[in-house]
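Down below is the structure, laid out as structure tokens.
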Amino acid sequence: MKITILKNALIIAILSFSLSCKQKQSSYPIRHKDLLGFKSEYITEYLDDNYQRNKLEQKLNVLKVRYLEDIIYVSTYAEANGCGGHFGNMKIRNDTLILTYEFSSDTACTSIVIDKLTYLINNPGKKKRKIKFE
């Protein structure tokens, strides 16, 4: 009888753990089908030094775009919360690609970092597109 109770308790624990994992996975947004790849690279903590801050601020949200056959390569620098995770995604609105870098964590703090972001986007029609970063 004790073995049956332990066995049932173990089954309930495993089921509730697997259900909670599935719920967490489904809460993340779905990546756009044309976003082939995304990479973020930590560059630095947001600096107090005026010279360095001004130098980095000139690069923030400025897009470097290259068309490589049927792929669009885009890189930029963005501010992000230093505590927690982020993910890159995109939307298409009319003929404009809108690139995003969104906060995906429950943990936030006052620390600001600068990340370099790289997006690889499928472009089978080899169209020149308007590209924005939000």
Side-chain angles (χ1 to χ4, degrees):
M1 185 156 160
K2 288 182 183 180
I3 294 175
T4 306
I5 293 172
L6 288 173
K7 191 176 180 183
N8 289 340
L10 182 60
I11 290 171
I12 291 171
I14 290 171
L15 285 175
S16 50
F17 177 73
S18 58
L19 287 176
S20 67
C21 290
K22 287 180 184 176
Q23 289 172 350
K24 285 182 183 179
Q25 288 173 353
S26 66
S27 67
Y28 288 106
I30 297 170
R31 187 163 84 174
H32 192 280
K33 67 179 179 61
D34 288 336
L35 183 61
L36 300 174
F38 170 78
K39 178 178 117 177
S40 66
E41 178 184 356
Y42 168 83
I43 299 299
T44 187
E45 188 83 24
Y46 201 79
L47 304 169
D48 289 330
D49 175 353
N50 284 334
Y51 173 76
Q52 288 294 337
R53 185 170 60 230
N54 289 338
K55 193 175 173 183
L56 278 173
E57 283 177 346
Q58 292 173 6
K59 294 181 177 183
L60 288 177
N61 304 323
V62 174
L63 302 177
K64 183 184 282 188
V65 179
R66 294 187 198 129
Y67 290 85
L68 311 166
E69 296 294 324
D70 60 349
I71 294 175
I72 303 171
Y73 168 95
V74 182
S75 67
T76 190
Y77 292 83
E79 293 177 327
N81 190 289
C83 305
H86 296 78
F87 65 94
N89 208 346
M90 65 176 263
K91 304 177 233 177
I92 298 178
R93 195 176 300 140
N94 298 324
D95 201 29
T96 303
L97 300 178
I98 301 166
L99 306 177
T100 61
Y101 189 48
E102 299 176 36
F103 192 63
S104 65
S105 180
D106 295 334
T107 306
C109 64
T110 58
S111 175
I112 302 294
V113 297
I114 306 294
D115 289 339
K116 180 180 180 186
L117 312 177
T118 305
Y119 298 81
L120 291 176
I121 303 159
N122 189 30
N123 187 26
K126 300 182 182 180
K127 290 194 241 176
K128 298 284 184 191
R129 295 187 174 250
K130 294 179 199 170
I131 302 173
K132 292 182 179 180
F133 179 76
E134 290 183 352

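Here, residue 1 is the first one in the sequence, and each next residue gets the next number. Atom set for the values below is all heavy atoms of this structure, side chains included, hydrogens, waters and symmetry mates excluded.
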What pair of heavy atoms forms the shortest contact from [X] to [Y], and how long is it?
X: I72; Y: K127; answer: CD1-O, 4.5 Å
X: F87; Y: S104; answer: CD2-CB, 3.4 Å
X: A78; Y: L117; answer: CB-CD1, 3.7 Å
X: V113; Y: G82; answer: CG1-CA, 3.8 Å
X: Y67; Y: R129; answer: OH-N, 2.9 Å
X: G88; Y: F38; answer: N-CE2, 3.4 Å

Same cluster or not: are [X] and [Y] linked, directly or through other Ile, Leu, Val, Met, Phe, Trp or Tyr residues, by side-chain heavy atoms under 4.5 angstrom apart?
X: I112; Y: I43; result: yes
X: I71; Y: M90; result: no
X: Y101; Y: Y77; result: no

So does [Y] get a backbone contact from the side chain of [X], meaning a donor-acceptor N/O pair under 3.5 Å?
X: N81; Y: C109; value: yes
X: N89; Y: H32; value: yes
X: T96; Y: K130; value: no

Atom [atom1] in [X], atom [atom2] in [Y]: separation rounded to 0.5 Å?
X: I121; Y: I92; atom1: CD1; atom2: CD1; answer: 8.5 Å
X: T44; Y: D115; atom1: OG1; atom2: CG; answer: 10.5 Å
X: L35; Y: K91; atom1: CG; atom2: NZ; answer: 13.5 Å
X: K116; Y: K39; atom1: NZ; atom2: NZ; answer: 7.0 Å
X: K126; Y: L68; atom1: NZ; atom2: CG; answer: 11.0 Å
X: E79; Y: I114; atom1: CD; atom2: CD1; answer: 5.0 Å

Criterion side-chain contact (heavy atoms from CB on, under 4.5 Å) against Y119, the qualifying member of I131, L36, T100, L99: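 For Y119, the side-chain contact (heavy atoms from CB on, under 4.5 Å) test succeeds with only one of I131, L36, T100, L99, which is L99.
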Heavy-atom side-chain proximity of Y73 to V65 below 4.5 angstrom: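 No - every pair of side-chain heavy atoms lies 4.5 Å or more apart.
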